[in-house]
Each structure stands twice: as structure tokens, then as C-alpha cells.
Amino acid sequence: MSAIDNFEAMLAQGRDNALLRFSLGNEYLKQGDAARAAEHLRRAVEHDTQYSAAWKLLGKALTDSAAWSEALAAYRQGIAVAEARGDKQAAKEMGVFARRIEKQLQD
């Protein structure tokens, strides 16, 4: 049984929470299914709007899906959350990714 199967089974049992959704999103991203990953990561940040790692991974999933404006919005939200929590490294990393998208949108 794969990690995805285990996580999906937990979800089916009603154990829906931010960490489970983050874990599912991360596994789908590893499998190359960015669209499915983004679905779960959106749910993760709905469960916990202060989950900066989930915002960062959501931005990556949306970037991998070429949903540039959505990815940029996720990174911007993630930066605000990370800065409010004092998570300087996450804010810095998301800032780099956001600037890359801004540059791409200008070209």
C-alpha cells in the first residue's frame, strides 16, 4: 500500500485535517500530479490559514500546473503568513518564487 493509499484511506475514515491534506498534496506532487496536489493543498490552507509550508507547496503545485496568477496569489498569501509567524526562511523562499512568476507574467 502506497503512502497515497494510506492517506486516502485516512481521509475516507473522516480524518480530514491540514496535515493530512498537506501530506496528500506532497505525495501527489512527488508523483507528478500537480493538479491533484493543488486540490489537497487548497484544502490544507482552508483547514489552517496559518500553515506557511502548505501555502508554499500550494504555490509550487500551481506553478507546476502553469496556473501562474493562482500560484502568485498563493505565494503572496504564504509570504504574509510566514512573515506574521516569524518564519523568515519560508517567506524569503516564497518571495523568490513569486518574483520569478512576476517576471514571467511581464514577459
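Taken from CG in L20 to CG in N6, the straight-line distance is 10.5 Å, to the nearest 0.5 Å. To the nearest 0.5 Å, the span separating CG on D33 from CG on D64 amounts to 11.0 Å. Taken to the nearest 0.5 Å, the CH2 atom of W55 stands 13.5 Å off from the CZ atom of F22. Remark: I79 CD1 to E93 CD distance equals 11.0 Å, nearest 0.5 Å. Taken from CG in L41 to NZ in K60, the straight-line distance is 11.0 Å, to the nearest 0.5 Å. Taking CG from N26 and CG from L57, the interatomic distance works out to 5.0 Å, rounded to the nearest 0.5 Å.
Using a 4.5 Å heavy-atom cutoff, the side chains of Q77 and L58 are not in contact. Taking 4.5 Å as the limit, some side-chain heavy atom of D16 sits within range of a side-chain heavy atom of R43. Between V81 and T49 the shortest side-chain heavy-atom distance does not fall below 4.5 Å.
Nearest heavy atom pair, residue I101 against residue W68, reads CG2-O, 3.6 Å. Across all non-hydrogen atoms, the minimal contact from A34 to S65 is CB-OG, 3.3 Å. Nearest heavy-atom pair across S52 and G78 is CB-O, 4.4 Å. In terms of heavy atoms, H40 sits closest to G25 at CB-N, 3.8 Å. Heavy-atom minimum distance, T63 versus A71: OG1-CB, 3.4 Å.
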Exercise for review: Kindly indicate, with the supporting measurements, whether the criterion side-chain contact (heavy atoms from CB on, under 4.5 Å) is fulfilled by L11 and R21.
Suggested key: CA-CA 8 Å; L11 194 59; R21 292 294 187 152; 3.6 Å; yes
Exercise for review: Just do the salt bridge (charged side-chain N to carboxylate O under 4.0 Å, His left out) check on E70 and R42 with the steps written out, would you?
Suggested key: CA-CA 11 Å; E70 289 177 68; R42 279 191 186 100; 2.5 Å; yes
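Under 4.0 Å is where a charged nitrogen must lie from a carboxylate oxygen, and between E102 and R99 no such pair does. In summary, K92 and E83 do not engage in a salt bridge, as defined by a charged side-chain N under 4.0 Å from a carboxylate O. The pair R36-E27 fails the salt-bridge criterion, with no side-chain N (NZ, NE, NH1 or NH2) lying under 4.0 Å from an Asp/Glu carboxylate O.
Hydrophobic cluster membership differs between F7 and Y51, with clusters built from Ile, Leu, Val, Met, Phe, Trp and Tyr side chains linked at under 4.5 angstrom. Residue L24 is not grouped with residue L29 when hydrophobic side chains (ILVMFWY) are merged at heavy-atom distances under 4.5 angstrom, including chains of intermediate members.
Ring pair F97/Y75 is tilted by interplanar angle, where 30° to 60° counts as tilted.
With no hydrogens or angles considered, a side-chain donor-acceptor pair links S2 and D5 at under 3.5 Å.
S23 contributes a side-chain N or O that, together with a main-chain N or O of L19, makes up a donor-acceptor pair within less than 3.5 Å.
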